[in-house]
Amino acid sequence: MTSEASMVSAPSTDPVTAALDEVHARHVGARGGEIPTYIPTLSLVDPDQFGLALASMNGNLYRSGDAEAPFSIQSVSKPFVFALALSELGLDEVLHNVGAEPSGEAFNAISLEEGTGRPDNPMVNAGAIVTSSLVPGDPAEKFDRIRRCLSAFAGRALEMDEEAFASELETGDRNRALAYLMRGAGSLRSSAEAAVEVYFRQCSLVVTACDLAVMAATLAAGGTNPRTGERVVEPRVAEHVLTVMATCGMYDYAGEWLLRVGLPAKSGVSGCLAAASPAQFGIGAFSPRLDVRGNSVRGGAALQDLSERFELHFVHDTGLSAPVVFRSEDLSATDPFTPVTPGSREPVVHLRRLQGEIEFAAAETALDDLTIETGIREVGTWLLLDLSHVTRVNGVSAQLLDARLAGLRASGVTVFVTDALARHLLRSADAEFTSAEEAWAAVAGGQA
Ligand code: GLN
């Protein structure tokens with residue numbers, strides 16, 4: 001697709017694509033920034049190209065403009081190779097060799113940590129050279145693993161741009177200098193030449209804005225590619241990578257980026273950008289002109305715009321989407337459709353029905369409805385905790401609810417829980433049922 005095509009993108013009927021098109025249209029006219037020349041092939045591209053893509057957690061892919069235009073991934077490879085190194089070696093071993101502090105310096109700065117000789121973080125060139133050298137195997141094996149891993153993130157087999165590789169191999173003396181410096185300081189284990197060659201290869205893998213959207217969405221989805229369903233890395237690894245992207249991904253603009261956009265992101269000198277909104281989506285952007293820090297001008301502006309419009313800033317207060325306790329009633333155990341009159345001593349079934357996703361805040365809210373103080377009568381009553389409308393319970397919430405149920409049982413309350421989900425997560429119940437009706441039948445049986 002040419003940049004001409006991107007100027008006249010047809011109005012879309014799909015609302016998400018329409019929103020992307022709108023953002024695209026607002027920024028497509030911007031002409032600020034420069035094409036980098038230090039890697040000769042990068043200066044040969046059409047500078048007007050501009051593509052945006054968004055991959056959702058459902059695996060849908062939305063695109064606008066030059067979203068299928070190919071380019072070399074450059075530094076956007078860094079977080080994904082970091083993910084591979086973390087998966088292979090674990091966090092402690094990786095951090096032994098490369099730090100996790102924002103450097104506040106340019107991506108290619110010649111600077112290492114005082115004392116240890118470690119590069120500041122895996123997102124600057126020095127750190128990325130060390131990170132890729134940590135991947136197990138000889139240089140050919142290292143690159144093969146890197147290519148396969150990045151392909152799994154993208155959900156398709158990625159190929160190298162041999163010209164981009166040759167171009168950087170010829171002119172990449174600054175990276176070579178960094179590698180030798182780190183070799184001298186003891187922080188680079190393999191030979192300097194071998195390390196930069198693997199690094200240049202990873203930088204020359206060819207992707208599109210769509211690929212970057214899927215790769216970022218895979219991180220946003222906790223390491224599972226939402227289009228192929230493949231688990232590429234463990235959720236913990238995805239969290240670590242997104243964290244370092246948030247603090248270091250935009251180099252000496254990382255702080256202001258987090259302030260203004262509030263999304264973990266990584267930029268590359270080919271004009272590409274990948275950003276992730278955890279548990280929501282991944283975005284890929286491509287527009288070759290760069291600002292003085294080496295970040296895509298239009299890509300950055302589009303991302304800031306999207307973040308504001310979609311309220312994506314990571315500290316944005318989303319509030320609770322729905323009340324977690326949507327039914328809280330005290331019913332007669334002998335006549336299940338009749339609410340008990342306050343103060344009556346007849347046998348009571350306390351029905352508490354929860355809904356939606358139960359994370360810490362929701363669980364803590366639900367606890368309020370599951371106490372003696374808020375009306376659960378002790379001795380000889382039933383608590384029927386109906387979780388059949390709950391979509392997910394995370395570990396901490398299951399523990400909190402479990403502890404409360406154990407307390408209630410100790411006070412003499414018989415606890416019934418419905419739903420298969422609960423069976424795995426909540427252990428402190430007297431019995432589990434597949435439906436509230438079944439539980440009622442058990443209560444009635446107990447009464448008979
Ligand atoms: N290959 C490029 C370099 O090492 C990557 C830099 C970047 O994208 N910021 O200079």
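Residue indices begin at 1 and follow the sequence shown. First listed ligand is number 1; within each ligand, the first listed atom is number 1.
- The residue Phe200 has no part lying near ligand 1, judged by heavy-atom distances below 4.0 Å.
- Looking from atom 3 (C) of ligand 1 to the surrounding protein, the closest heavy atom is Glu168 OE2, 3.1 Å.
- Salt-bridge annotation for Arg156 and Asp211: present, with a side-chain N of the basic residue lying under 4.0 Å from a carboxylate O of the acidic one.
- Here is the list of ligand 1 atoms found below 4.0 Å of a heavy atom in Cys203: 1 (N).
- Interface of Gln74 with ligand 1, defined as ligand atoms under 4.0 Å from a residue heavy atom, comprises 1 (N), 2 (C), 5 (C), 8 (O).
- Each of the following atoms of ligand 1 lies closer than 4.0 Å to a heavy atom of Asn175: 3 (C), 4 (O), 10 (O).
- With salt bridges taken as basic N to acidic carboxylate O contacts below 4.0 Å, none links Arg289 and Glu34.
- Ligand 1 places these atoms under 4.0 Å from at least one heavy atom of Tyr199: 1 (N), 2 (C), 3 (C), 4 (O), 5 (C).
- At the top of the distance list for atom 10 (O) of ligand 1, counting protein heavy atoms only, stands Tyr38 OH, 2.5 Å.
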Step by step, work out the side chain to side chain contact (heavy atoms under 4.5 Å, CB included) result for Cys203 and Glu168. CA-CA 9 Å; Cys203 287; Glu168 192 165 15; 3.9 Å; yes

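- More than 12 heavy atoms of other residues, nucleotides or ligands lie within 6.0 Å of CD in Glu162, so this atom counts as buried by the packing criterion.
- If you number the atoms of ligand 1 from 1 as listed, the ones under 4.0 Å from a heavy atom of Gly268 come out as 8 (O).
- Under 4.0 Å from ligand 1, not a single heavy atom of Arg174 appears.
- When side chains are defined from C-beta on, Thr218 does not count as touching Glu230, because their heavy atoms never get closer than 4.5 Å.
- Judged purely by distance below 3.5 Å, without hydrogens or angles, the side chains of Ser111 and Glu105 pair a donor atom with an acceptor atom.
- At a heavy-atom cutoff of 4.0 Å, ligand 1 is contacted by no atom of Val76, backbone or side chain.
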Would you check, one step at a time, whether the test ring pair (Phe, Tyr, Trp, His ring centres under 6.0 Å) holds for Phe433 with Phe416? CA-CA 7 Å; Phe433 299 92; Phe416 288 173; 5.0 Å; yes

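- Among Leu89, Val198, Ile146, the one residue that satisfies the side chain to side chain contact (heavy atoms under 4.5 Å, CB included) test with Val135 is Ile146.
- Contact annotation: for Asn125 versus ligand 1, heavy atoms closer than 4.0 Å belong to the side chain alone.
- Counting heavy atoms closer than 4.0 Å to ligand 1, residue Ser75 contributes atoms from both its backbone and its side chain.
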